[in-house]
Amino acid sequence: MFPARVLAGAPLALVIVALSGCSSPWGCTDTTAERGPADVRVQVEGTSGRPLGVTAEVVDWRLEPHPQERSKGDQVHVRIRFEGADEISGPAVDACAVDKERVALGCQTVYSSMASGQGGDLTGDEWLGVEHPEQVAEVLLIPNDQSYDGRTCEQDIKDGGGPHPPEPAHRGDQL
């Protein structure tokens with residue numbers, strides 16, 4: 001048996017180890033999913049890379065001024081359909097306007113919960129702002145679910161960690 005003094009000091013030792021930058025007694029680990037291939041129609045996948053049973057598809061897109069921001073000129077107006085999505089807590093994907101070489105000109109995360117419809121088929125409109133709308137060749141979707149990104153180990157060493165989606169796509173990314 002350990003003496004009572006040793007047992008009484010154990011919690012303090014754990015605090016010192018945690019604050020000193022040594023490895024965590026909770027073994028916190030962060031992992032980041034790889035970005036899936038962008039396309040006009042994608043099977044949405046979770047951080048494990050497995051399909052979630054939801055398909056996202058660019059139904060239509062066109063260049064036109066946003067009705068509330070006409071002075072900004074043409075933007076990309078895109079319609080996206082989510083098949084098999086939950087109307088309340090479904091997935092989200094990054095939509096990107098790209099040039100002919102598939103370089104992102106502007107991206108935005110699109111949430112299926114913001115779309116409307118019935119029976120698991122939800123369609124929504126989104127606007128993508130781009131500096132040079134005349135360069136837009138198509139709109140692509142990235143299949144990784146961006147709807148939830150839990151806390152990292154750095155943010156919460158005890159309850160954080162685990163799998164995370166890849167960084168959202170940005171202007172200039174090659175898709």
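Everything numeric in this text was worked out from a predicted model, so none of it was measured. Side chains included, hydrogens not; waters and symmetry mates left out as well; all remaining heavy atoms used. Residue numbers start at 1 and run along the sequence shown.
- In the hydrophobic clustering of ILVMFWY residues, with side-chain heavy atoms under 4.5 Å counting as a link, Leu63 and Val98 come out together.
- Note on Val59 and Val42: separate hydrophobic clusters, where clusters join Ile, Leu, Val, Met, Phe, Trp and Tyr whose side-chain heavy atoms are under 4.5 Å apart, directly or indirectly.
- The stretch residues 45-100 participates, sequence neighbours left out, in these disulfide (SG to SG under 2.5 Å) pairs: Cys96-Cys107.
- Sorted by first and then second residue, the side chain to side chain donor-acceptor pair (under 3.5 Å) pairs with a member in residues 166-175 read Arg35-Asp173, Glu131-Arg171; sequence neighbours excluded.
- Here Tyr111 is tied into one hydrophobic group with Met114, each link being a pair of ILVMFWY side chains closer than 4.5 Å.
- Counting only residues at least two apart or in different chains, disulfide (SG to SG under 2.5 Å) contacts with residues 50-87 are absent.
- Judged as a side chain to side chain donor-acceptor pair (under 3.5 Å), and not counting sequence neighbours, the contacts of Arg79 are Asp125.
- Residues forming a side chain to side chain donor-acceptor pair (under 3.5 Å) with Gln43 (at least two apart in sequence, or on another chain): Thr55.
- Remark: Glu138 pairs with no residue by the salt bridge (charged side-chain N to carboxylate O under 4.0 Å, His left out) rule, at least two apart or across chains.
- Asp39 meets the salt bridge (charged side-chain N to carboxylate O under 4.0 Å, His left out) test with no other residue; sequence neighbours excluded.
- With sequence neighbours excluded, the residues that form a side chain to side chain contact (heavy atoms under 4.5 Å, CB included) with Pro65 are Arg70, Asp74.
- Applying the ring pair (Phe, Tyr, Trp, His ring centres under 6.0 Å) rule to pairs touching residues 34-70 yields His66-Trp127, sequence neighbours excluded.
- Applying the side chain to side chain donor-acceptor pair (under 3.5 Å) definition to pairs two or more places apart or across chains, those involving residues 93-103 are Asp94-Thr109.
- Between atom CG of residue Asn144 and atom OG1 of residue Thr47 there is a gap of 9.5 Å, rounded to the nearest 0.5 Å.
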